[in-house]
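Some notes on the structure that comes next.
Chain letters run A, B, ... following the sequence lines, proteins first and then strands; every chain starts at 1.
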There are 2 protein chains.
Amino acid sequence: MRLQSYARAYPSPRESLFVSSAPTVYDVAARSGVSIATVSRVYRNPDSVRAETRERVLTAARALGYVPSGNARGLASRSTGILGLCFPDYSDPDTEATEAEDEDAAMLYSDQIIRGMERAARRHGYALLIAASLKGGPESLVAKVAGRVDGFAALARTVPTEDLEVISRRQPVVMLAGPREGTDHLDHLDHIEVANFDGQKELTRHLIEDHGLRRLAYIGSAEESPDVEARFRGYLEACRDGRLNVGPEPDLRVRMMRQADGARAVDALCAPDRERPEALVFANDQMAVGALHALEKRGLRVPEDMAVTGFDGIPLSRLVRPALTTVHQPMLRMGEEAVELLVKRLSGARDTEPVSLMLPVTVVRRDSCGCGKGEVAHTDIP
Amino acid sequence: MRLQSYARAYPSPRESLFVSSAPTVYDVAARSGVSIATVSRVYRNPDSVRAETRERVLTAARALGYVPSGNARGLASRSTGILGLCFPDYSDPDTEATEAEDEDAAMLYSDQIIRGMERAARRHGYALLIAASLKGGPESLVAKVAGRVDGFAALARTVPTEDLEVISRRQPVVMLAGPREGTDHLDHLDHIEVANFDGQKELTRHLIEDHGLRRLAYIGSAEESPDVEARFRGYLEACRDGRLNVGPEPDLRVRMMRQADGARAVDALCAPDRERPEALVFANDQMAVGALHALEKRGLRVPEDMAVTGFDGIPLSRLVRPALTTVHQPMLRMGEEAVELLVKRLSGARDTEPVSLMLPVTVVRRDSCGCGKGEVAHTDIP
DNA sequence: GTGAAAGCGCTAACAG
DNA sequence: CTGTTAGCGCTTTCAC
């Protein structure tokens with residue numbers, strides 16, 4: 001019944017740019033006079049085939065332009081040698097590279113994770129499949145990735161939690177950055193987060209104690225985000241420790257946490273009818289950068305008239321003027337740790353207890369909080 | 001004969017962290033009382049199934065924790081929705097991040113391409129599979145990627161040219177950065193390169209005409225690299241135009257073009273027994289950065305005692321002191337163009353003539369060539 | 001060492 | 001709108 005294959009005519013390489021159907025093990029087997037099993041062996045375990053036979057097969061394969069189908073392989077062997085990463089579409093039109101030189105300034109959060117994962121995956125012999133969720137169905141995203149990899153990492157809120165729960169019953173999954181919620185479901189997932197609370201708390205303490213600021217405003221997210229909430233709680237605690245008068249809610253919640261939202265925050269919080277804060281504490285760098293621009297337009301000086309801080313430590317934070325005081329997250333390391341966790345699960349430790357890591361952050365004091373011109377100080381937290 | 005599947009017992013979610021065998025269409029079909037074809041339709045084309053039936057299937061799938069197998073899908077449908085990228089292991093131990101803040105300084109060439117491809121792939125609904133060639137068999141790399149994607153890009157010299165030739169008969173391949181050689185084979189490949197020749201020529205002209213330097217030294221690569229050769233030819237032409245006395249070979253060829261090699265180049269070219277050059281023209285940024293360090297150790301000032309230039313425009317080039325004069329390559333754009341080319345091929349234009357793009361570069365004049373402190377000038381080439 | 005045969009999980013006609 | 005029936009290309013026992 002595979003005779004059709006055996007009888008298939010092999011068009012010369014030049015017949016068309018792309019040949020209608022790619023050669024298979026059957027073609028190679030027929031041409032080299034062995035069975036398909038042997039062809040398979042030549043690729044999976046060369047030493048189990050006599051040298052002469054092996055050469056015959058290889059020669060035929062070369063002549064035919066044979067490339068093993070990863071899909072068929074994965075299907076038959078139930079493993080792919082690929083790790084995956086799902087992340088949300090963070091792209092910010094305002095941050096997109098416009099001038100050539102700014103390409104690297106637009107590096108995001110997720111790009112660092114990709115770099116970290118790629119590096120670690122490479123060390124372990126895995127390739128990396130990356131997929132950003134677009135506005136389309138989120139269902140498709142996870143399914144697409146999950147169905148093609150041996151294990152994967154997902155940035156929090158990329159994938160419906162219940163989907164993750166289901167998938168994690170089948171393969172190793174590590175959740176990135178969103179603290180495990182509920183503690184109830186999601187019990188199969190390994191989990192990595194950063195010290196959002198401690199970082200934001202230390203940064204806020206710095207503003208209050210070291211710079212003597214007392215009227216702070218916090219700009220958070222309207223979307224539910226455990227990370228942002230943790231940061232806000234850190235901010236609150238520092239405020240209370242400093243005996244500042246703060247409510248239980250951020251002074252402002254914006255929708256997307258992009259540059260435009262940061263600019264809008266300035267409009268809202270520096271309205272003429274209200275007392276101007278002494279410091280704008282943003283839940284991320286992108287907004288803070290947007291605010292810097294907006295403030296400049298209004299003729300307000302940073303940090304003299306108003307201090308501004310961010311969170312994340314994206315490359316852009318160091319390039320803007322004044323350079324942004326922020327809390328640096330070790331995203332590269334997070335990517336690496338994610339791979340380590342996945343690899344560990346894949347190589348045996350499948351039924352051990354879920355792991356939960358908390359990575360330390362670094363408070364980076366630059367100009368925008370009032371720390372001396374050009375001087376930079378780091379404090380690792382915790 | 002699939003009865004085993006139908007009869008399979010479904011362990012409760014808690015029975016084990018990972019269930020032995022994942023549910024399939026057969027399980028979902030059995031549980032929801034439809035055929036496997038219908039299950040398949042629910043995922044591929046939901047509207048072709050009556051709403052009520054669809055819900056039944058979805059419910060069963062959810063209960064079972066069903067996730068479609070990408071491998072099986074790819075195998076049956078002959079397409080994966082994935083694009084690939086193969087790149088060499090560029091990592092440089094000296095550039096690796098040590099301090100948190102330097103994570104982004106370590107961004108390489110290939111990272112920008114990844115970013116560009118990911119972004120463009122996302123726009124077209126593709127995911128991206130990335131794999132760096134490690135010292136292991138190169139055979140495995142291409143095969144791994146090629147066998148799992150609908151089309152892919154390969155950085156020059158990542159993959160044996162003959163392999164590419166073979167594979168490109170089967171699926172779209174675009175070659176990055178290495179000029180098409182021979183013109184003879186490789187005729188199926190689309191190809192993208194940057195203006196290496198013109199960029200290096202303009203930079204060299206700047207050194208000669210604008211700064212009046214006449215004793216230049218070029219540091220190239222021992223490995224064969226069309227890109228580096230093109231740069232060198234640009235350098236040569238500028239030198240001849242300036243009536244400088246230059247031989248047909250670089251003053252030095254180093255092995256890896258890493259920071260350590262740049263430092264070694266300084267040792268070799270600034271030896272006491274020979275006349276010191278006025279400018280060190282490096283074939284890439286990494287070496288130039290290494291040279292900057294070595295020069296500083298020797299107590300030589302840049303640019304006063306010696307001008308230094310690089311090529312690539314990596315983020316690090318702007319962060320070092322003095323900031324490096326270099327030629328910026330639009331790697332992000334190269335990644336994007338690569339995806340556009342692949343997508344075009346995949347959506348019909350399979351048999352049209354191979355495309356060859358030459359992307360413009362930008363000469364970035366910073367401090368290390370003697371251009372005024374802090375001032376930066378750009379010139380786009382061509 | 002090599003071959004035969006049975007799937008892996010899904011899609012894709014083609015009937016009904 | 002739904003079911004039947006073939007494979008997709010490879011790995012994998014189990015014999016020989």
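Between the side chains of B:Arg345 and B:Thr352, at least one donor N or O lies within less than 3.5 Å of an accepting N or O.
In this structure, B:Tyr126 has no ring pair (Phe, Tyr, Trp, His ring centres under 6.0 Å) partners at least two apart in sequence or on a different chain.
One finds the CG atom of A:Leu176 at 8.0 Å from the NE2 atom of A:His191 (value rounded to the nearest 0.5 Å). Atoms CZ and OG, from B:Arg54 and B:Ser32 in turn, are 13.5 Å apart once rounded to the nearest 0.5 Å. With rounding to the nearest 0.5 angstrom, the CG atom of B:Leu128 is 13.0 Å from the CZ atom of B:Phe152.
Not one side-chain nitrogen or oxygen of A:Thr38 sits closer than 4.0 Å to the OP1 or OP2 atom of C:dG1. A:Arg78 has a side-chain polar atom (N or O) that falls below the 4.0 Å cut-off from OP1 or OP2 of C:dG9. For A:Thr53, no side-chain nitrogen or oxygen approaches OP1 or OP2 of C:dG1 to under 4.0 Å. An OP1 or OP2 oxygen of C:dG3 is reached within less than 4.0 angstrom by a side-chain nitrogen or oxygen of A:Ser35. Under 4.0 angstrom from either OP1 or OP2 of C:dC10 there lies no side-chain N or O belonging to B:Ser69.
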Which protein N or O atoms sit under 3.5 Å from an N or O of nucleotides 11-14 of chain C?
from, atom 1, to, atom 2, distance (Å)
C:dT11, OP1, B:Arg44, NH1, 3.4
C:dT11, OP1, B:Arg73, NE, 3.3
C:dT11, OP2, B:Ser40, OG, 2.4

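Following rounding to the nearest Å, A:Leu75 (CG) and D:dT11 (C1') show an atom-to-atom distance of 10 Å. If you take CG of B:Asn45 and P of D:dC1, they are 10 Å apart, rounded to a whole angstrom. If you take CZ of A:Arg56 and P of C:dG1, they are 15 Å apart, rounded to a whole angstrom. Note: CZ (B:Arg148) to P (D:dG9) measures 15 Å, nearest angstrom. Spacing between atom CZ of B:Arg54 and atom C1' of D:dT2 amounts to 14 Å, rounded to whole angstrom units.
Salt-bridge annotation for B:Lys344 and B:Glu340: absent, with no side-chain N of the basic residue lying under 4.0 Å from a carboxylate O of the acidic one.
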